[in-house]
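Data block below; observations after.
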Number of protein chains: 2
Amino acid sequence: MISAQQIQTTMARYVELVDAGDIDGILALYNEGATVEDPVGQPPIQGLADIERFYRQGLGASKVSATLTGPVRATLNGCGAMPFRVDMQWAGQPCSLHVIDVMEFDDAGKIRSMKAYWSEANIGPQP
Amino acid sequence: MISAQQIQTTMARYVELVDAGDIDGILALYNEGATVEDPVGQPPIQGLADIERFYRQGLGASKVSATLTGPVRATLNGCGAMPFRVDMQWAGQPCSLHVIDVMEFDDAGKIRSMKAYWSEANIGPQP
């Protein structure tokens, strides 16, 4: 089982990679058969090929910055949750999206599932 | 389906009730058959009687304060996630526990499941 500290390090690294727009780096964190549900309520996508398409269409098509806004919460059974903020342009205006990602990790420390909690209710002006 | 705004209001209210130590108020937010997994990794408890025992043994036995530390993230399918901080005494020292709660709501707006993400890795000095 991956430790709480490993979960904290990997999830903080994920936000840095989103901030850098490093999609190859992000994909390297995922298990081959992982699922992504972003936002929660959308049908989950499964497998690295679809996950790569998801990040290239989203993150690859826009200029965003991402900032962790509190500590990564890590459990003793390989799960983590973290609050972060994505700053971007929305309809030509600068705005911020507040997200919480919940991740499950496999024993090798790769992401087995990612769920992103947000909706338009979490979009507002930049701080 | 409960709206994103209703989810935000109910979850912010939950933190206020924890802060006030109002266990009856907390229980009134739960569905009869709800499940609670706190922290994630522990066996879930189910049903209001066991949930009441959980809060009375935990929250009822100590003096804590609770503060929301960022916006409640709410989805369009009845789920929410929020970061908060619990300030308390731990082994005689003041300390803070950083938690993220994820909740699912039923169509009446009651909590159907609560999962609390944290471990000892999330305990530190008070800010």
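Note that the coordinates shown come from a computational prediction; the quantities given were computed from them, not determined experimentally. In what follows, chains are A, B, ... by sequence order, proteins preceding strands, each numbered from 1.
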- prompt: Who wins among H98(B), E120(B), Q42(B), M82(B) for the most heavy-atom pairs under 4.5 Å with chain A?
  reply: H98(B)
field: Heavy-atom donor-acceptor pair, E32(B) side chain to L48(B) backbone, under 3.5 Å
entry: no
- prompt: Atom CG in D22(A), atom CG in L27(A): separation rounded to 0.5 Å?
  reply: 9.0 Å
query: Are the side chains of P94(A) and Q89(A) in touch, meaning some heavy atoms are under 4.5 Å apart?
result: yes
Basic-acidic side-chain contact under 4.0 Å: K63(A), D87(A): no
message: If hydrophobic clusters are built by linking Ile, Leu, Val, Met, Phe, Trp and Tyr wherever their side-chain heavy atoms come under 4.5 Å apart, do I123(A) and V64(A) end up in the same one?
response: yes
query: Under a 4.5 Å heavy-atom cutoff, which of A81(A), A4(A), A116(A) has the most pairs with chain B?
result: A81(A)
message: Please evaluate residues M88(B) and C95(B) with respect to the criterion side chain to side chain contact (heavy atoms under 4.5 Å, CB included), reporting the C-alpha separation (whole Å), side-chain torsions for both, the decisive distance (0.1 Å), and the verdict.
response: CA-CA 6 Å; M88(B) 56 182 176; C95(B) 68; 4.1 Å; yes
field: Residues of residues 67-77 of chain A near chain B, each having a heavy atom less than 4.5 Å away
entry: T69(A), P71(A), V72(A), R73(A), A74(A), T75(A), L76(A), N77(A)
statement: The side chain to side chain donor-acceptor pair (under 3.5 Å) partners of S65(A) (sequence neighbours excluded) come to none
- prompt: Which other residues belong to the hydrophobic cluster containing V40(B), where Ile, Leu, Val, Met, Phe, Trp and Tyr are joined when side-chain heavy atoms lie under 4.5 Å apart, directly or via other members?
  reply: V40(A), I100(A), V102(A), Y117(A), I100(B), V102(B), Y117(B)
- prompt: At a heavy-atom separation under 4.5 Å, does P39(A) approach chain B through its side chain, its backbone, both, or neither?
  reply: neither
query: Should V36(B) and Y30(B) be marked as a side chain to side chain contact (heavy atoms under 4.5 Å, CB included) after you check the CA-CA gap, both sets of side-chain angles, and the distance that decides it?
result: CA-CA 10 Å; V36(B) 167; Y30(B) 276 97; 3.6 Å; yes
message: Would you say that R85(A) contacts P127(A) through its side chain, given a criterion of any heavy-atom pair below 4.5 Å between the two side chains?
response: yes
- request: Sort by residue number and list every member of residues 5-21 of chain A having a non-hydrogen atom under 4.5 Å from chain B.
  value: Q5(A), Q8(A)
task: Please name the pair of heavy atoms, one in N31(B) and one in K110(B), separated by the smallest distance, quoted to 0.1 Å.
output: N-CB, 3.7 Å
